[in-house]
Novice: 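First the structure, then my questions, so here it is.
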Amino acid sequence: MFSAFIGHSPLYRSKKKKNVGRLFTPAVTVATVLLAAILLCCIFAPVIAPYPPNAQDLTQVLAKPSAEHLFGCDQTGRDIFSRVLYGGRSALLSALGVVAISMILGIPLGLISGYKGGFADTIIMRCCDVLLSFPSLLLAFILVAGLGRNTFNAVLALGIVYVPMLTRLTRSLTLVEKNKVYVSACVSLGYSDTRIIYRHILPNCISTILVQITLDIAYAILDLASLSFLGLGTQPPQADWGAMLDEGRSVLLMNPLLSLIPGLVIVVVVVALNIFSDGLHQYLDQSQTALPSFKKYEKKFLKKKAKEGGALDG
C-alpha cells in the first residue's frame with residue numbers, strides 16, 4: 001500500500017527542483033569559472049599583458065589581430081588586449097567601490113529605519129524617496145557634473161545613487177525580523193538596541209542582502225561603463241571598458257574589435273554575475289531547498305523493516 005501510494009505521486013517526482021538547493025549547478029559553475037578567469041586575468045594584468053596599456057606604436061595603427069597583438073591595436077597603436085586587461089582592473093575595482101559605499105551607508109540606515117521606526121524611519125524613507133524620484137543615471141550625471149569628471153567622483157556619485165535601494169531592502173527585511181520571538185527574547189534579557197540590530201537581526205538578513213549586492217556589482221559595471229562612455233567617468237588615457245567603447249566608436253567600420261571586445265567582456269561579466277546571483281539566491285533561500293524524494297523515504301522505510309524482521313528472526 002505504501003509503495004502504491006508513492007507510485008501515484010507525480011508531483012514529488014518533478015524535475016524542476018532537481019538543482020534547487022545546490023549552489024554549483026551547471027549554469028552557476030560555468031558563470032563562476034568565467035568570472036574567476038576574468039578576475040584573475042585582470043589582477044595579474046601586469047604579468048599577462050604583453051604591452052603597457054598606454055604604450056603607442058604608430059606603425060601598428062588599427063592593426064588587425066596577430067601573434068604580436070592578440071586583439072589588434074587602436075587608432076594610436078595601443079594593444080587592445082593589454083588595455084582590456086588593465087581596463088578590467090579599473091572597472092571591477094570601481095564597481096566594488098560603488099557597492100562598498102552603498103553598503104556602508106545603506107545597510108545601517110535600513111536597519112535603524114526598520115527597527116526604530118517613528119521619526120527616524122520617516123526621515124530616512126523620505127530622503128530615499130527624493131533620491132529614487134530621479135532616474136539613477138541622470139542623478140549620477142548631475143553629481144559628477146558638480147563634483148568633476150574622474151573615476152573617484154563617478155564611484156562616489158553611483159554609490160550615493162545605490163544607497164536608497166539597499167536601504168529599502170534592508171528596512172523591509174528588518175521589519176520582518178524584529179517581530180520574531182528571538183528579538184522579543186533579546187529585549188526581555190535587556191540587550192541594547194545596537195546588539196540586537198547588529199548581532200541578531202543583521203545575520204538573519206545577510207543572505208538576501210548578499211544576493212542584492214551581487215546584482216548591484218553587475219549594475220555598477222554597466223553604469224560605470226555608461227559614465228565613461230559619455231566622458232564622465234574614467235578619463236583618457238587610462239584604460240577602461242566604457243572609455244574603450246567610446247574610443248572605438250569613431251573607427252567602428254575600420255576596426256570593430258576596438259569596441260566589440262570590451263563590449264563583449266562587459267556582457268559576459270554582467271550575465272555571469274546575474275546567473276551567479278540567481279544560483280546564490282536559490283541556494284540561500286530555504287524555501288527553495290529541494291526535499292528528499294518519497295522514493296528515498298520508501299527505500300529507507302523498507303530497509304528499516306527488513307532489518308527489524310531480520311532481528312526478530314534471529
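Computed from a predicted structure; not experimentally measured.
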Novice: Say whether, by atom type as modelled, one donor and one acceptor occur between the side chain of Asn179 and the main chain of Leu175 under 3.5 angstrom.
Specialist: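 Yes.
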Novice: Whether the Ser94 and Thr151 side chains hold a donor-acceptor pair (N or O, under 3.5 Å, no angle test) is what I'd like checked.
Specialist: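 Result is no, nothing qualifies.
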Novice: Starting from the C-alpha separation in whole Å, work towards a yes-or-no answer on side chain to side chain contact (heavy atoms under 4.5 Å, CB included) for Leu215 and Tyr219.
Specialist: CA-CA 6 Å; Leu215 282 175; Tyr219 297 147; 4.1 Å; yes
Novice: So which atom in Leu85 and which in Ala45 form the shortest heavy-atom distance, rounded to 0.1 Å?
Specialist: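 Looking at all heavy atoms of both residues, the closest pair is CB-CB, 3.9 Å.
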Novice: Taking the side chain as every heavy atom from C-beta outward, state whether Leu202 and Ile197 have any atom pair closer than 4.5 Å.
Specialist: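 Side-chain contact under 4.5 Å: no.
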Novice: Tell me if a side-chain donor or acceptor on Ser90 pairs with a main-chain N or O of Tyr86 at a distance below 3.5 Å.
Specialist: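 Side chain of Ser90 to backbone of Tyr86: no pair is present.
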Novice: Hey, is the main chain of Gly231 close enough, under 3.5 Å, to the side chain of Gln235 for a donor-acceptor pair?
Specialist: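 At least one qualifying donor-acceptor pair exists.
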Novice: Give a yes/no verdict on a cation-pi contact between Arg195 and Tyr191, requiring under 6.0 Å between NZ or CZ and the six-membered ring centre and an angle within 45° of the axis.
Specialist: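 Verdict for Tyr191: a cation-pi partner in Arg195.
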Novice: Is the shortest distance from a Lys or Arg side-chain nitrogen in Arg78 or Asp57 to a carboxylate oxygen in the other one below 4.0 Å?
Specialist: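 Looking at Arg78 and Asp57, the cut-off is not met.
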Novice: Following the transitive rule for hydrophobic clusters with a side-chain heavy-atom cut-off under 4.5 Å over Ile, Leu, Val, Met, Phe, Trp and Tyr, establish whether Ile206 and Val176 coincide in one cluster.
Specialist: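 No; Val176 is not reachable from Ile206 via cluster members.
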Novice: Would a 4.5 Å heavy-atom cut-off, applied to side chains only, mark Leu245 and Leu258 as touching?
Specialist: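 No - every pair of side-chain heavy atoms lies 4.5 Å or more apart.
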Novice: In terms of hydrophobic clustering (I, L, V, M, F, W, Y; side-chain heavy atoms under 4.5 Å; direct or indirect links), are Leu58 and Ile80 co-clustered?
Specialist: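 Linked within one cluster.
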Novice: Compare every heavy atom of Ala31 with every heavy atom of Ala272, then report the nearest pair and how far apart it is.
Specialist: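 Ala272 and Ala31 have their closest heavy atoms at O-CB, 3.5 Å.
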Novice: Evaluate the side-chain proximity of Leu70 to Pro65: yes if any heavy-atom separation is below 4.5 Å, no if none is.
Specialist: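 Contact flag for Pro65/Leu70 side chains = no.
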Novice: Working to the nearest 0.5 angstrom, can you tell me the gap between Leu227 CG and Leu222 CG?
Specialist: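 It comes to 11.0 Å.
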Novice: Any chance you could measure Arg126, atom CZ, to Asp129, atom CG, to the nearest 0.5 Å?
Specialist: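 The distance works out to 4.5 Å.
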Novice: Could you please spell out the steps behind the side chain to side chain contact (heavy atoms under 4.5 Å, CB included) verdict for Arg171 and Asp121?
Specialist: CA-CA 9 Å; Arg171 174 182 178 269; Asp121 181 37; 2.7 Å; yes
Novice: For a quick test of reading the model, state the closest non-hydrogen atom pair linking Thr170 to Gly106 and the distance between them.
Specialist: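 What the structure gives for the nearest pair is OG1-O, 4.4 Å.
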Novice: Is there a chain of hydrophobic side chains (I, L, V, M, F, W, Y, each step under 4.5 Å between heavy atoms) that links Leu158 to Leu93?
Specialist: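 Per the 4.5 Å side-chain linkage, Leu158 and Leu93 are not co-clustered.
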Novice: Is the side chain of Asn274 donor-acceptor paired with the backbone N or O of Val270 at a distance under 3.5 Å, no angle test?
Specialist: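 Yes: the side chain of Asn274 pairs with the backbone of Val270.
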Novice: What I'd like to find out is whether the side chain of Pro50 reaches to under 4.5 Å of the side chain of Asp79, using heavy atoms alone.
Specialist: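 With C-beta onward as the side chain, the pair touches.
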Novice: Any sub-3.5 Å donor-acceptor pair from Gln56's side-chain atoms to Asn54's backbone N or O?
Specialist: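 Checking the backbone N and O of Asn54 against the side chain of Gln56, no donor-acceptor pair under 3.5 Å is found.
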Novice: For residues Phe44 and Ile38: do they belong to one hydrophobic cluster (side chain heavy atoms under 4.5 Å, members Ile, Leu, Val, Met, Phe, Trp, Tyr)?
Specialist: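 Phe44 clusters together with Ile38.
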Novice: Determine, stepwise, if the pair Leu143 / Asn153 fulfils side chain to side chain contact (heavy atoms under 4.5 Å, CB included).
Specialist: CA-CA 8 Å; Leu143 292 174; Asn153 290 338; over 6 Å; no
Novice: Measuring from atom CE of Met165 to atom OG of Ser102, what distance do you get when rounded to the nearest 0.5 angstrom?
Specialist: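 Here the rounded value is 8.0 Å.
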Novice: Going through the checks in order, is the salt bridge (Lys or Arg N to Asp or Glu O under 4.0 Å) test met by Arg83 and Asp240?
Specialist: CA-CA 7 Å; Arg83 288 183 63 78; Asp240 182 83; over 6 Å; no
Novice: As an exercise, state the distance from CD1 of Ile104 to CG of Leu109, rounded to the nearest 0.5 Å.
Specialist: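 If I round to the nearest 0.5 Å, the distance is 12.0 Å.
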Novice: Where the side chain of Ser228 meets the backbone of Ala225, is there a donor-acceptor pair that is under 3.5 Å apart?
Specialist: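 No: the side chain of Ser228 does not pair with the backbone of Ala225.
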Novice: Using modelled atom types and a 3.5 Å cut-off, is there a donor and acceptor pairing between side-chain atoms of Ser188 and backbone atoms of Ala185?
Specialist: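 Side chain of Ser188 to backbone of Ala185, a donor-acceptor pair under 3.5 Å: yes, one is there.
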Novice: Under a single-linkage definition using a 4.5 Å side-chain heavy-atom cutoff for Ile, Leu, Val, Met, Phe, Trp and Tyr, are Leu147 and Val144 assigned to the same hydrophobic cluster?
Specialist: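 Yes, it is one cluster - the side chains of Leu147 and Val144 are joined through contacts under 4.5 Å.
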Novice: Nearest 0.5 Å please: distance from the OG1 atom of Thr234 over to the CZ atom of Phe229.
Specialist: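 Taking OG1 in Thr234 and CZ in Phe229, the distance rounds to 14.5 Å.
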Novice: Are Met103 and Leu166 close enough that some pair of their side-chain heavy atoms sits under 4.5 Å apart?
Specialist: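 Contact flag for Met103/Leu166 side chains = yes.
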Novice: Side chains of Arg89 and Pro46: closer than 4.5 Å at any heavy-atom pair?
Specialist: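 When only atoms from C-beta onward are counted, Pro46 and Arg89 do touch, with a gap below 4.5 Å.
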Novice: Looking at Lys116 and Asp193, is any side-chain nitrogen of the basic one under 4.0 Å from a carboxylate oxygen of the acidic one?
Specialist: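 Looking at Lys116 together with Asp193, the answer is yes, because their closest N to O distance falls below 4.0 Å.
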Novice: Who pairs with Tyr115 by ring-ring contact (aromatic ring centres under 6.0 Å, His included), at least two apart in sequence or on another chain?
Specialist: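 Partners of Tyr115 by the ring-ring contact (aromatic ring centres under 6.0 Å, His included) criterion come out as none, since no residue qualifies.
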Novice: Are Val271 and Leu34 packed together at the side-chain level, in the sense that at least one heavy-atom pair is separated by less than 4.5 angstrom?
Specialist: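 Result no, sub-4.5 Å side-chain heavy-atom pair not found.
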Novice: Closer than 3.5 angstrom, by distance alone: can the side chain of Lys64 be matched with the main-chain N or O of Gly72 as a donor-acceptor pair?
Specialist: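 No, Lys64 side chain to Gly72 backbone: no donor-acceptor pair under 3.5 Å.
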Novice: Which heavy atom of Gly279 sits nearest a heavy atom of Val28, and at what distance?
Specialist: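 So the minimum-distance heavy-atom pair works out to CA-CG2, 3.7 Å.
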Novice: Can you list the residues that meet the ring-ring contact (aromatic ring centres under 6.0 Å, His included) rule with Phe134, with sequence neighbours excluded?
Specialist: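 In terms of ring-ring contact (aromatic ring centres under 6.0 Å, His included), with neighbours along the sequence ignored, Phe134 is linked to no residue.
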Novice: Quick check for you: to the nearest 0.5 Å, what is the distance between Phe141 atom CZ and Leu138 atom CG?
Specialist: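 Atom-to-atom, Phe141:CZ and Leu138:CG are 7.5 Å apart.
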Novice: Looking only at atom types and distance, does a side-chain atom of Ser259 sit under 3.5 Å from a main-chain N or O of Pro256, one as donor and one as acceptor?
Specialist: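 Answer holds: no.
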Novice: Which atoms form the tightest heavy-atom contact between Val84 and Met244, and what is the distance?
Specialist: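 Distance-wise, the nearest heavy atoms are CG2-CE, 3.8 Å.
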Novice: Does Tyr182 form a side chain to side chain contact (heavy atoms under 4.5 Å, CB included) with Ile196? I'd like the steps, not just the answer.
Specialist: CA-CA 10 Å; Tyr182 74 88; Ile196 294 172; over 6 Å; no
Novice: Does CZ in Phe152 sit with more than 12 non-hydrogen atoms of other residues, nucleotides or ligands closer than 6.0 Å?
Specialist: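 No, CZ of Phe152 has 12 or fewer neighbouring heavy atoms, counting only those of other groups under 6.0 Å.
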Novice: Measuring only between side-chain heavy atoms, which start at C-beta, is Gln75 closer than 4.5 Å to Asn255?
Specialist: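 A side-chain contact is absent here, since even the closest heavy-atom pair is not under 4.5 Å.
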Novice: Is there a donor-acceptor pair closer than 3.5 Å between any side-chain N or O of Ser82 and the backbone N or O of Tyr51?
Specialist: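 Yes; judged by distance alone, with no hydrogens or angles, the pair exists.
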Novice: Which atom names give the shortest non-hydrogen contact between Leu257 and Phe71, and what distance separates them?
Specialist: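 Taking every non-hydrogen atom into account, CD1-O, 3.8 Å.
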Novice: Counting only heavy atoms not in Glu68, do more than 12 fall under 6.0 Å of its CD?
Specialist: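 No, because the 6.0 Å sphere around CD of Glu68 holds 12 heavy atoms or fewer from other groups.
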